[in-house]
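Side chains included, hydrogens not; waters and symmetry mates left out as well; all remaining heavy atoms used. In what follows, chains are A, B, ... by sequence order, proteins preceding strands, each numbered from 1.
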Amino acid sequence: MLRSHYSNEVSKKDYGKKIRIAGWIEDIRNLGGIAFIILRDRAGRMQITAIKKQNPELFKEIVSLTRESVISAYGICQQNSKVMNGWELLLEEMEVLAKAETPLPMGVIDKVNVDFDTRLDNRIIDLRRDEVKAIFMIRHSFIHYASDFLRKKGFVEVHTPKISASSSEGGTEVFKIDYFGRDAFLVQSPQLYKQMLMASGLDRVYEIAWYFRAEEHDTSRHLNESTAIDIEMAFIESEEDVMKVAEELTDYAIQKILDENSEELDALHVEVDLPSLPYPRISYDEVVEILQKEIDFKWGDDLGTDEENLLAKHLDYELYFIKDFPLEAKPFYAMPSGKYARAFDLEYKGMEIASGAQRIHDYSLLVQRMNELGMKTENFEDYLKAFRYGMPPHGGFGYGIERFLMRFLNLKNIRECILFPRDRKRLRP
RNA sequence: GCCCCGGUGGUGUAGCGGUUAUCAUGUGGGCCUGUCGAGCCCACGACCCGAGUUCAAAUCUCGGCCGGGGCGCCA
């Protein structure tokens, strides 16, 4: 291997021994007779020290390298309390693995600002920065521990198609694609498939899902391609069973991230207090009452951005459910209960991060609801078929990964939470 | 779709009728043996495109292209 140690793997027992380190040259401080090279790897930074009179040619070679070039360096690991990690590598041999062109399209450690747009145009360089990398390490943890939690609860990981013949489950625009000459669509969510699976006997499924939405929205909290943790579970008594999973999953993941990603949270200057369980449940009717004290808001109105923010201001907690929405506000498959839907949103600091419901499992009721909403049942034959041969009561939710991270890390733009965001204007890189 | 705003060296900016187009960062070169936002010296490098107004346009007007912020839309 081109490295024997990552920057954080060197300890006292290595002092005085030869080691090999590798990474990107972040900075070269050439003082004339001595030079300090700051090398960065995945785990952090370390210092290489080169002394001119010990090896003039090697010295010249290393100080003339460009920033962000990739090298592997070999030498003695020398203890030095004055250096950042308590040690430095006294350079003996070096292999230049890749020279970086100059100038860089954006600086990694420059003391000037970089526009977010420039950062996204140069995302691979952007990701070399600690605070950017930290977001994705935390994202990694979040998905890992959410999965971990679900698996412990008996959920089976599944992968449903992202290309589908049926156009839409409603509510949003979808992307149309050419499927060997036939019209096909990118799915807006795994909703229909994960529900169908409830008739399979798997009972509990989850998916790290991709959502494709062709909405031309242009905001800091929407993406046209986003990811989610989608679950569906059968034999529930009510939507409350589903909400429990949503809040416990959130609680478990946050706890684990606090335990294991303190370095990353520091890099992002994020301090989190673990909200206590259970998260409050607020009915839509209560929301209406609260909002009516301040603004003109009628029962049945949608909760827009302003309404969500206003509500959040009135509440003392960061994570809470809104439940029992007007039936019209929720999709056709939500279980009706009078004029209400047995549906809920999980809100985090005034933004919806997850949305779920108990679903309709009765075939005729489902068809009735679709007819009421003017939907063509013939477009949903495969979906409906699953309801005709023994479909247990079930429910589930979709939980936006970027949405969660955005709120958890107090990020201003949801694009921060996905490597290569897709929005109305951005199709590259 | 609506309402604002903006495009100046590689990056981030100042200038808003006449400037040698500002500053920082960067890049290239030089000096320096303990730097850690290293320091010092020298150099390099830019007004989105087009039309118009004017003696004179980075600056004003119009059009285009590109982008940003907010809202709407949004399982």
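- Taking atom CZ of residue A/R424 and atom C1' of nucleotide B/G72, one finds them 12 Å apart after rounding to whole Å.
- Taking atom C1' on both B/G26 and B/G64, the two are 33 Å apart, rounded to the nearest angstrom.
- For B/U11, the OP1/OP2 oxygens have no side-chain nitrogen or oxygen of A/K111 closer than 4.0 Å.
- Listed pair A/R67 / B/U25 fails the phosphate criterion, with no side-chain N or O lying under 4.0 Å from OP1 or OP2.
- Because its NZ or CZ atom is not both nearer than 6.0 Å to the ring centre of A/F344 and within 45° of the ring axis, A/R281 does not count as a cation-pi partner of that residue.
- Base pairing annotation: B/A51 forms a Watson-Crick or G-U wobble pair with B/U61, both donor-acceptor distances under 3.5 Å.
- Using atom C1' as the reference point in both B/U27 and B/C65, the two lie 30 Å apart (nearest Å).
- Distances shorter than 4.0 Å separate none of the side-chain N or O atoms of A/N30 from OP1 or OP2 on B/C31.
- When the C1' atom is used for both B/C66 and B/G50, the distance is 15 Å, rounded to whole Å.
- Within the cation-pi definition used here (under 6.0 Å to the ring centroid, within 45° of the axis), A/K339 qualifies as a partner of A/W299.
- Checking the phosphate oxygens (OP1, OP2) of B/G69, no side-chain nitrogen or oxygen of A/T219 falls inside 4.0 Å.
- The interatomic distance linking A/H222 (NE2) with B/G72 (C1') rounds to 10 Å, in whole Å.
- Comparing the P positions of B/U11 and B/G30 gives an interatomic distance of 27 Å, to the nearest angstrom.
- Between the C1' atom of B/C74 and the CD1 atom of A/I414 lies a distance of 12 Å, rounded to the nearest Å.
- Protein atom CG of A/D117 is 12 Å distant from nucleotide atom C1' of B/G69, rounded to whole Å.
- Going from the P atom of B/C31 to that of B/G69 covers 47 Å, rounded to whole Å.
- Across the P atoms, B/G6 and B/C62 are found 13 Å apart, a figure rounded to whole Å.
- Of all nucleotides present, only B/C5 satisfies the Watson-Crick or G-U wobble test against B/G67, with each distance under 3.5 Å.
- Using a 4.0 Å heavy-atom criterion, one finds that A/N113 contacts the sugar-phosphate atoms exclusively.
- Residue A/T305 has a polar side-chain atom (N or O) positioned under 4.0 Å from OP1 or OP2 of B/G72.
- Ion pairing of A/E307 with A/K313 is absent here, as no side-chain N (NZ or NE/NH1/NH2) approaches a carboxylate O to less than 4.0 Å.
- Distance, A/D27 CG to B/U25 P: 13 Å, rounded to whole Å.
- Nucleotides B/C23 and B/A46 are separated by 15 Å at their P atoms, to the nearest Å.
- Judged by a 6.0 Å distance limit and a 45° cone about the ring axis, A/K330 is positioned over the six-membered ring of A/F325.
- Mapped onto RNA chain B by nearest heavy atom, A/I109 and A/D230 fall at different nucleotides, with A/I109 at the one closer to the 5' end.
- Across every strand in view, B/C44 sits in a pair with B/G26 that passes the Watson-Crick or G-U test at under 3.5 angstrom.
- Rounded to whole Å, atom P of B/G67 lies 18 Å from atom CZ of A/R119.
- Using a 4.0 Å cut-off, some side-chain N or O of A/S220 falls inside it from OP1 or OP2 of B/G70.
- For A/E215 and B/G1, a side-chain-to-base donor-acceptor distance below 3.5 Å is absent, hydrogens and geometry of angles not being considered.
- Closest heavy-atom contact between A/E232 and A/R359: OE2-NE, 2.8 Å.
- Nucleotide B/U35 forms no Watson-Crick or G-U wobble pair with any nucleotide shown, as no partner meets the under 3.5 Å limit on both distances.
- Nearest nucleotide to the side chain of A/N413, out of B/C36, B/U11, B/G69: B/G69.
- To the nearest angstrom, P of B/G26 lies 12 Å from CD of A/E26.
- In this structure B/U19 sits in no base pair that meets the Watson-Crick or G-U test at under 3.5 Å.
- If you measure from atom CG of A/D423 to atom C1' of B/G70, you get 15 Å, rounded to the nearest angstrom.
- Within 6.0 Å of the CD atom in A/E263, the count of heavy atoms belonging to other residues, nucleotides or ligands does not exceed 12.
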Open item on the list: Under the criterion salt bridge (Lys or Arg N to Asp or Glu O under 4.0 Å), I'd like the reasoning laid out for A/E26 against A/R67: C-alpha separation, chi angles, the key distance, then a yes or no.
Closed with: CA-CA 6 Å; A/E26 190 164 274; A/R67 279 185 175 190; over 6 Å; no
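- Distances shown here put a side-chain N or O of A/R221 below 4.0 Å from the OP1 or OP2 atom of B/C71.
- Contact annotation for A/E88: base contact, defined as any heavy-atom pair under 4.0 Å involving a base atom.
- If you find the closest nucleotide of RNA chain B to A/L65 and to A/P103, the one lying nearer the 5' end belongs to A/P103.
- Contact check, A/R29 against B/A38: a side-chain N or O comes under 4.0 Å of OP1 or OP2.
- Which of B/U11, B/C36, B/U13 sits closest to the side chain of A/D115 comes down to B/U13.
- Spacing between B/C73 and B/C5 at atom P, rounded to whole Å, works out to 24 Å.
- A/Y6 carries A/R3 over the face of its six-membered ring, with the cationic atom under 6.0 Å from the centre and within 45° of the normal.
- Contacts of A/K53 with the nucleic acid, taken as non-hydrogen atoms under 4.0 Å apart, include base atoms.
- Residue A/T102 places its side chain closer to B/G28 than to any other of B/G67, B/U13, B/G28.
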